[in-house]
Amino acid sequence: MAKTDKQHNLDIRYLRMAKIWAENSYCTRRQVGAIIVKDLMIISDGYNGTPSGFENVCENEEGLTKSYVLHAEANAITKVAKSNNSSESATLYVTCSPCIECSKLIIQSGIKRVVFDEKYKNTDGLDVLERAGVILENIVLS
């Protein structure tokens, strides 16, 4: 099925919204944002950061990301899990391609499509999503 111009324009808009949402992150190494959309409605959002109740410092003294920092996709998926919404057959818009751990969450949450901007250097997450039949689209925002 060919993607329509309308869908492509929506994809760009939602991806831009995820990019804006990433600005909420306190992480200095990389700010990542995610939006989950189902039936043209945003049902969840997330950005990378520390768990609730933790200090908003993502990196240690050496500038490395702390082990307990949550990725934007994980934040969005766990947020929708706490709501009355279902991510079954939804689309995830994320500013950076998912890692393998987030990819497993994406598969288990029923998300069927992932649209991302930047491709992360390690593509293991994309490989597992492709294997699971999740539709992947890389739209590079300027």
Chemist: Should the pair Glu137-Arg113 be classified as a salt bridge under the 4.0 Å nitrogen-to-oxygen rule?
Modeler: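 Here Glu137 pairs with Arg113 in a salt bridge, since their nearest N and O are under 4.0 Å apart.
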
Chemist: State whether the side chain of Ser25 and the backbone N or O of Gly49 hold a donor-acceptor pair below 3.5 Å, judged by distance alone.
Modeler: no

Chemist: Could you give me the CA-CA distance, side-chain angles and deciding distance for Lys66 and Glu55, then say whether salt bridge (charged side-chain N to carboxylate O under 4.0 Å, His left out) is met?
Modeler: CA-CA 11 Å; Lys66 294 179 179 179; Glu55 73 287 349; 3.1 Å; yes

Chemist: Mind checking the CG-CD1 spacing from Leu129 to Ile106? Nearest 0.5 Å is all I need.
Modeler: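 Answer rounded to 0.5 Å: 5.0 Å.
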
Chemist: Determine, for Glu118 against Lys19, whether the closest basic-nitrogen to carboxylate-oxygen distance falls under 4.0 angstrom.
Modeler: no

Chemist: According to salt bridge (Lys or Arg N to Asp or Glu O under 4.0 Å), does anything in residues 75-100 pair up with another residue at least two apart or in another chain? List the pairs.
Modeler: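 Every salt bridge (Lys or Arg N to Asp or Glu O under 4.0 Å) pair that includes a residue of residues 75-100, provided the two are not neighbours, is Asp45-Lys79.
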
Chemist: How many angstroms lie between NZ in Lys38 and OG in Ser44, if you round to the nearest 0.5 Å?
Modeler: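 Answer rounded to 0.5 Å: 12.5 Å.
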
Chemist: Please report the shortest heavy-atom distance between Ile36 and Ala90, naming the atom on each side.
Modeler: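 In this case the closest contact between Ile36 and Ala90 is CG2-CB, 3.7 Å.
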
Chemist: Of all the heavy-atom pairs spanning Ser83 and Asn85, show the shortest one and how long it is.
Modeler: OG-N, 3.0 Å

Chemist: Using the rule that two of Ile, Leu, Val, Met, Phe, Trp, Tyr join whenever any of their side-chain heavy atoms come within less than 4.5 Å, decide whether Tyr14 and Ile135 are in one cluster.
Modeler: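 No: no chain of side-chain contacts under 4.5 Å links Tyr14 to Ile135.
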
Chemist: Report yes if the side chains of Ile42 and Met17 come closer than 4.5 Å at any heavy-atom pair, otherwise no.
Modeler: yes

Chemist: I'd like to know whether Arg29 forms a side chain to side chain contact (heavy atoms under 4.5 Å, CB included) with Thr65, so could you lay out the CA-CA distance, the side-chain angles of the two residues, the decisive distance to 0.1 Å, and finally the verdict.
Modeler: CA-CA 8 Å; Arg29 289 183 67 200; Thr65 301; 3.1 Å; yes

Chemist: Ignoring hydrogens and angles, tell me if any N or O in the side chain of Asn24 forms a donor-acceptor pair with the backbone of Trp21 under 3.5 Å.
Modeler: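 Between the backbone of Trp21 and the side chain of Asn24 there is a qualifying donor-acceptor contact (under 3.5 Å).
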
Chemist: Ignoring hydrogens and geometry, is there a side-chain-to-backbone donor-acceptor pair from Asp117 to Leu15 under 3.5 Å?
Modeler: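 Answer holds: no.
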
Chemist: Using the side chain to side chain contact (heavy atoms under 4.5 Å, CB included) rule, take Leu126 and Leu136 through it: C-alpha gap first, then chi angles, then the decisive distance, then the call.
Modeler: CA-CA 8 Å; Leu126 293 177; Leu136 302 172; 4.1 Å; yes

Chemist: As an exercise, state the distance from OG of Ser103 to CD of Glu130, rounded to the nearest 0.5 Å.
Modeler: 11.5 Å

Chemist: May I ask you to decide if Ile100's main-chain N or O and Asp124's side chain share a donor-acceptor pair within less than 3.5 Å?
Modeler: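 Such a contact is absent between Asp124 side chain and Ile100 backbone.
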
Chemist: When you group the ILVMFWY residues by side-chain heavy-atom contacts below 4.5 Å and let the links chain together, are Ile43 and Ile35 in the same group?
Modeler: no

Chemist: Tell me, yes or no, whether the heavy-atom count around Asn60 atom CG, taken from other residues, nucleotides or ligands under 6.0 Å, exceeds 12.
Modeler: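 Counting neighbours around CG of Asn60, more than 12 heavy atoms of other residues, nucleotides or ligands fall under 6.0 Å, so yes.
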
Chemist: When clusters are formed from ILVMFWY side-chain contacts under 4.5 Å, directly or step by step, what else is grouped with Phe54?
Modeler: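 Via sub-4.5 Å side-chain contacts, Phe54 links to Tyr68.
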
Chemist: Can you tell me how far apart CG (Asn75) and CG (Asn48) are? Round to the nearest 0.5 Å.
Modeler: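 The CG atom of Asn75 sits 8.0 Å away from the CG atom of Asn48.
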
Chemist: Should the heavy atoms of other residues, nucleotides or ligands under 6.0 Å from CG of Leu64 be counted, would the total exceed 12?
Modeler: yes

Chemist: For the atom pair CG (Leu105) and CD1 (Ile77), what is the distance rounded to the nearest 0.5 Å?
Modeler: 5.0 Å

Chemist: Which distance, rounded to the nearest 0.5 Å, do you find between the CD of Gln31 and the CD1 of Ile20?
Modeler: 12.5 Å

Chemist: Hey, is CD on Gln7 packed in by over 12 heavy atoms from elsewhere, all under 6.0 Å?
Modeler: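 It does: Gln7 CD has more than 12 such atoms within range.
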
Chemist: Please answer: with hydrophobic residues joined when any side-chain heavy atoms are less than 4.5 Å apart, are Val115 and Val32 in the same cluster?
Modeler: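 Different clusters: Val115 never reaches Val32 through Ile, Leu, Val, Met, Phe, Trp or Tyr contacts under 4.5 Å.
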
Chemist: Which donor-acceptor pairs under 3.5 Å do side chains of residues 91-99 form with protein atoms, sequence neighbours excluded?
Modeler:
unit_1: Tyr93; atom_1: OH; unit_2: Asp11; atom_2: OD1; d: 2.6
unit_1: Thr95; atom_1: OG1; unit_2: Gly33; atom_2: N; d: 3.1
unit_1: Ser97; atom_1: OG; unit_2: Tyr120; atom_2: N; d: 2.8

Chemist: More than 12 heavy atoms of other residues, nucleotides or ligands under 6.0 Å from CG of Asp5: yes or no?
Modeler: no

Chemist: Between Tyr26 and Leu70, is there a shared hydrophobic cluster once you connect ILVMFWY residues whose side-chain heavy atoms come closer than 4.5 Å?
Modeler: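 Shared cluster, no.
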
Chemist: Can you confirm whether the side chains of Thr28 and Glu59 place a donor and an acceptor under 3.5 Å from each other?
Modeler: yes

Chemist: Compare all side-chain heavy atoms of Ile12 with those of Ile139 and state whether any distance is below 4.5 angstrom.
Modeler: yes

Chemist: Could you pull out the closest heavy-atom pair between Cys102 and Ala74, with the gap in Å?
Modeler: SG-N, 4.1 Å

